[in-house]
Structure formats: C-alpha cells, structure tokens
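Only one structure is covered here, and it is reproduced in the block below.
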Amino acid sequence: MKLVKWTILIGLMVLPLVFWPKAEIKYEIPRVIWFEWWVKLLAVLVLLNLTKLGKEKKDFKLVWLVWLWLIAAVITAISGVDFGKSIWGNFYRRDGLLTLFHLAGLFL
C-alpha cells in the first residue's frame, strides 16, 4: 500500500507541472491525458494490493451513489444529440464521459 500512497502523492505533485509545448493546447489536454494514465496506474496498483486491504465492514452507500450518477450520465449521453462528443468531450478540454469515468475511478 505504500506504493499506492506514493503514486497518489507523486501524481498530485506532477499534475500542475504537466504541459506539452508542441501541442495545439499546451496545458489542458496534456494534463487530462496525464490524469487519465495516473488513474489507470492507481487502479492497477489497488487491484494488485486488493488482498492486503482490511477485512472490516465497508459502507458502500456513497459508492452506489457514484455508480448511479455514472449510469445517469451514460443514459443522458445516449439520449443526447451527439454521442461521440459526449464520449470525448470538447476538443479544447477533453471533458467527456471518459474523463468522468476516470474521476469516478479516482474516487473509488
């Protein structure tokens, strides 16, 4: 679990410093890409350390609310005008469902 904690700390420290000078948008999209890869790395590390987690009873009320929120977002995207844009988001911010899923993954 120390590796997970260090990955969280390093990711949070590096996130404000991420930029890509040759990109069309130098700061926003590279930071979103970094954030998505960071969350994926955290998910893998947590899954590898899942057996080391405590056996105490967990309260999953907030987790179920996040899942319901994600399901509502997907239903809204399906019933919307442009499903592709709902997945990827705005070109300048990349703030679509994929980023939303990564934010929920960071919470979980």
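All values below come from the heavy atoms of this structure, side chains included, with hydrogens, waters and symmetry mates left out.
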Show every donor-acceptor pair shorter than 3.5 Å between a side-chain atom in residues 64-80 and any protein atom, with sequence neighbours excluded, or say none if there are none.
residue : atom : partner : partner atom : Å
Thr76   : OG1  : Ala72   : O            : 2.7
Ser79   : OG   : Ile75   : O            : 3.1
Ser79   : OG   : Thr76   : O            : 3.2

Per-pair distances, 0.1 Å, donor-acceptor, side chain in residues 83-90, under 3.5 Å, sequence neighbours excluded:
residue : atom : partner : partner atom : Å
Ser86   : OG   : Asp82   : O            : 3.2
Asn90   : OD1  : Tyr92   : N            : 3.1

Without placing hydrogens or testing angles, list every side-chain donor-acceptor pair under 3.5 Å for residues 32-48, not counting sequence neighbours.
residue : atom : partner : partner atom : Å
Glu36   : OE1  : Arg94   : NH2          : 3.4
Glu36   : OE2  : Thr99   : OG1          : 3.1
Trp38   : NE1  : Thr7    : O            : 2.9

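- Residue pairs that meet the ring-ring contact (aromatic ring centres under 6.0 Å, His included) test with at least one member in residues 5-26, sequence neighbours left out, are Phe19-Tyr27.
- A continuous path of Ile, Leu, Val, Met, Phe, Trp and Tyr side chains, each step under 4.5 Å between heavy atoms, connects Leu62 with Phe60, placing both in one hydrophobic cluster.
- Identified under the salt bridge (Lys or Arg N to Asp or Glu O under 4.0 Å) test for residues 13-33, with sequence neighbours left out: Glu28-Arg93.
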What's the verdict on side-chain contact (heavy atoms from CB on, under 4.5 Å) for Leu97 and Phe101, showing C-alpha distance, side-chain angles and the deciding distance?
-> CA-CA 6 Å; Leu97 285 177; Phe101 291 150; 4.3 Å; yes

